[in-house]
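What follows is a short report on a single structure.
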Amino acid sequence: MTSLGSTLWLCARYELLLAVRSRWLQLFAVVFAGLALAVSSAGYILSGGHGVQDFSRTAVSLVQIVLLLVPLASLVFGGLALTPERGAAELLYSQPVPRGAILLGRMLGVWLALAAAELIGFGLAGLVMQYQAGPEGLWRYGALVLTAIVVTGVFLAIATLLASINAGRRTRVLAAALVVWFVTVVLFDVAALGVASMLRSGDASRLLITATLINPVDAARTGSLLAIEGTAAFGAASLALLRFTGGAGMAAGLVALSLVVWLVAPLLAAIRALSRADI
């Protein structure tokens, strides 16, 4: 293994061990399992029955909850974990290795920890669904799990940028993380709908579709629902999306490109900011 690879893995292992010992991370895994189990049984309870829904119905019902909880947990947990105190930051980044390698390794360790917590939570719920409802729709449930892991990486990258810009200032990083979560999860859609309501039908549709591809939360929602339910996921809106993008394959490609850009761009900006920071 090269020196750079050794540094990355060493930092990743360090952050992974710290995160695994965190009670917040353990609670995060329990919450995921509890939410999945609660949602899987809620459909039958509301209809007067009992038991557990299959993987497909549970995946569809969980999409919105996952896209509310995962970005928040990734931003807050990642921001706090990746922002060392002043003295620790000076010691850490004074080592004779590239700062970018240390930062990427630490971010990778936190990503592995959060992904493991999500996999444990989803996995425990999945075992119950497999036992009571059978394997039907398992791959759709897997698509949701993959979406959660990718979204975790995207918002950890944003948290890494916030931590690099505000090195040693955890309160400021936490405040910025909450603002980013509110803007991407809540405010962005409200603003897009407000502007679209003042435009003609065709222009409004193009604006909303473009906004969907720009916002990582909306892009992840679109990609997961297309994977779970196919081209009928949004009814007439699906037809508009496919017409705008040129087909299901192109729509999936644009969603993937959006998420990759949101993963890579903040990391590159974070490395650049950290390399210029006076620590």
Side-chain angles (χ1 to χ4, degrees), residues 19-78 80 110-156 159 177-178 180-182 184-186 189-190 215-230 232-235 259:
V20 167
R21 295 173 184 172
S22 170
R23 292 185 178 180
W24 289 107
L25 190 71
Q26 297 165 10
L27 178 62
F28 184 59
V30 172
V31 167
F32 254 81
L35 282 174
L37 286 172
V39 169
S40 67
S41 60
Y44 286 141
I45 291 174
L46 293 175
S47 61
H50 65 278
V52 174
Q53 296 183 126
D54 60 23
F55 285 105
S56 296
R57 293 182 178 181
T58 301
V60 173
S61 302
L62 273 174
V63 168
Q64 190 58 36
I65 296 175
V66 166
L67 292 177
L68 284 173
L69 183 60
V70 168
L72 179 62
S74 302
L75 285 167
V76 173
F77 192 87
L80 294 178
V110 178
W111 192 359
L112 290 174
L114 286 171
E118 292 162 8
L119 289 173
I120 291 171
F122 280 127
L124 291 175
L127 289 175
V128 176
M129 286 184 280
Q130 167 73 25
Y131 177 73
Q132 295 198 12
E136 182 179 356
L138 177 59
W139 70 270
R140 293 184 173 91
Y141 188 73
L144 176 63
V145 176
L146 179 61
T147 298
I149 293 174
V150 172
V151 171
T152 299
V154 167
F155 282 91
L156 270 180
L178 293 175
V180 169
W181 176 83
F182 180 75
T184 55
V185 175
V186 180
D189 288 343
V190 174
N215 185 2
V217 174
D218 290 334
R221 182 185 296 110
T222 302
S224 61
L225 288 176
L226 285 175
I228 294 169
E229 296 190 289
F234 313 106
L259 294 175

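For reference, positions follow the sequence shown, starting with 1. This structure is a prediction, so every number in the text was calculated from the model and none was measured.
With values rounded to the nearest 0.5 angstrom, D218 atom CG is found 5.0 Å from R221 atom CZ. Annotation: the span from L138 atom CG to M129 atom CE amounts to 9.0 Å, rounded to 0.5 Å. Distance check, rounded to the nearest 0.5 Å: CZ of F55 to CH2 of W139 gives 13.5 Å. S224 OG to L67 CG: the interatomic distance, rounded to the nearest 0.5 Å, is 5.5 Å. In this structure, OG1 in T152 is found 3.5 Å from CD in E118, a value given to the nearest 0.5 Å. Here the straight-line distance linking atom CG of L72 with atom CG of L178 works out to 6.5 Å at 0.5 Å rounding.
For N215 against D189, the heavy-atom pair with the smallest separation is ND2-OD1, 4.0 Å. Of all the heavy atoms in R140 and A227, the pair that sits closest is CG-O, 4.5 Å. In terms of heavy atoms, A177 sits closest to L75 at O-CD1, 3.4 Å. Scanning all heavy atoms of the two residues, the minimum distance from F77 to S22 falls at CE1-OG, 3.8 Å. Closest of all the heavy-atom pairs between V110 and G78 is CG1-CA, 4.3 Å. In terms of heavy atoms, V66 sits closest to P71 at O-CD, 3.7 Å.
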#### Entry: W111 and I149: CA distance, side-chain angles, deciding distance, side-chain contact (heavy atoms from CB on, under 4.5 Å) verdict
CA-CA 8 Å; W111 192 359; I149 293 174; 3.8 Å; yes

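With hydrogens and angles left out, the side-chain atoms of Q26 and R21 include no donor and acceptor closer than 3.5 Å.
Residues F155 and V217 are in side-chain contact: their nearest non-hydrogen atoms beyond the backbone lie under 4.5 Å apart.
No more than 12 heavy atoms of other residues, nucleotides or ligands lie within 6.0 Å of CH2 in W24, so this atom counts as exposed by the packing criterion.
Each of L156, L119, V70 was scored for a side-chain contact (heavy atoms from CB on, under 4.5 Å) with L114, with one residue passing: L156.
Judged by distance alone, the side chain of Y141 and the main-chain N or O of I228 form no donor-acceptor pair under 3.5 Å.
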For residues 28-37, which side-chain donor-acceptor pairs fall under 3.5 Å, sequence neighbours excluded?
none

